[in-house]
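Everything on this sheet refers to the single structure shown next.
Numbering starts at 1 and runs along the sequence shown.
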Amino acid sequence: MARLESALDERQRRFLAARRQLVPYLRPLLSVAGVGFLGFALWLVIRQPLLVDPFAVIDRVAAGTLEYSTLVLLATLAAALGLLLLILLAALLLVLFDRAAAERRYLEIIDRLQAPE
């Protein structure tokens with residue numbers, strides 16, 4: 001089998017070089033995004049529970065602090081959608097972390113294949 005290096009053309013080598021420059025920044029960038037996400041979620045739970053906690057909405061309605069006739073359904077759905085959004089963002093971050101790790105592994109494989117024997 002011919003070495004990978006001889007199988008790559010110049011365009012492919014430039015592509016790999018660009019990917020190698022990107023990979024070291026993925027983990028720190030995603031870590032900052034993850035911490036920001038957790039901070040935002042914590043802020044919502046503590047400071048804006050009506051946006052993420054349907055039970056807080058129901059409690060406020062039961063206490064009479066929200067107009068029952070127009071806000072019960074809307075507020076409950078809004079809180080449920082806020083919670084769903086947080087779950088989807090968490091799933092997206094997990095997928096991005098996985099893809100960043102896979103990218104690193106692929107580049108390591110390519111480096112091993114290009115290494116002289």
Side-chain angles (χ1 to χ4, degrees):
M1 182 175 116
R3 300 300 295 162
L4 181 63
E5 184 175 304
S6 62
L8 296 178
D9 63 23
E10 186 57 34
R11 184 179 59 87
Q12 292 167 329
R13 286 189 190 106
R14 282 194 314 266
F15 173 78
L16 288 176
R19 296 302 281 246
R20 279 192 187 89
Q21 289 177 344
L22 174 67
V23 167
Y25 299 106
L26 290 177
R27 185 173 294 264
L29 181 64
L30 291 172
S31 295
V32 168
V35 168
F37 168 76
L38 291 175
F40 178 66
L42 185 63
W43 177 80
L44 282 174
V45 169
I46 293 171
R47 300 291 302 235
Q48 304 293 329
L50 295 180
L51 295 177
V52 292
D53 185 2
F55 299 108
V57 174
I58 292 169
D59 290 343
R60 292 271 181 101
V61 170
T65 57
L66 291 175
E67 293 181 26
Y68 190 80
S69 61
T70 58
L71 294 180
V72 173
L73 183 59
L74 178 61
T76 304
L77 289 176
L81 289 175
L83 185 59
L84 178 64
L85 178 64
L86 289 176
I87 291 168
L88 290 174
L89 285 173
L92 176 63
L93 280 172
L94 289 174
V95 167
L96 288 173
F97 268 107
D98 178 65
R99 293 294 83 216
E103 180 76 16
R104 192 176 315 104
R105 282 192 306 269
Y106 297 149
L107 289 174
E108 288 170 1
I109 291 168
I110 291 169
D111 287 339
R112 275 191 303 235
L113 291 171
Q114 286 183 343
E117 291 182 16

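For L89, the side-chain contact (heavy atoms from CB on, under 4.5 Å) partners two or more places apart in sequence, or in a different chain, are F37, L85. Every residue two or more places apart in sequence or in another chain was checked for a side chain to side chain donor-acceptor pair (under 3.5 Å) with R14, and none qualifies. A search for side-chain contact (heavy atoms from CB on, under 4.5 Å) contacts involving A100 returns L26, L30, not counting sequence neighbours. Annotation: side-chain contact (heavy atoms from CB on, under 4.5 Å) contacts of L94 (sequence neighbours excluded): none. Taking the side-chain contact (heavy atoms from CB on, under 4.5 Å) definition, one finds that A56 meets it with P49, L50, D53, sequence neighbours left out. For R27, there are no side chain to side chain donor-acceptor pair (under 3.5 Å) partners at least two apart in sequence or on another chain.
For residues 87-106, every residue pair satisfying the salt bridge (Lys or Arg N to Asp or Glu O under 4.0 Å) rule, not counting sequence neighbours, is listed here: R19-E103.
Side-chain heavy atoms closer than 4.5 Å link hydrophobic residues (I, L, V, M, F, W, Y) into clusters, and following such links, even through other members, never connects V52 to L81. By the rule that hydrophobic residues join a cluster once side-chain heavy atoms approach within less than 4.5 Å of another member, V45 and I58 end up as members of separate clusters. Both L107 and F15 are members of a single hydrophobic cluster when ILVMFWY side chains are connected at heavy-atom separations under 4.5 Å.
With values rounded to the nearest 0.5 angstrom, L44 atom CG is found 6.0 Å from L86 atom CG. Taking CD of E108 as the reference point, atom CD1 of I110 lies at 10.5 Å (rounded to 0.5 Å).
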Candidate pair L42 and L38, rule side-chain contact (heavy atoms from CB on, under 4.5 Å), full reasoning: CA-CA 6 Å; L42 185 63; L38 291 175; over 6 Å; no

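Cluster partners of L83, using a side-chain heavy-atom cutoff of under 4.5 Å among ILVMFWY residues and allowing indirect links, are I87. Residue V32 is found outside any hydrophobic cluster, as its side-chain heavy atoms come under 4.5 Å of no other Ile, Leu, Val, Met, Phe, Trp or Tyr.
Residues L93 and G34 approach most closely at CD1-CA, 3.9 Å, considering heavy atoms.
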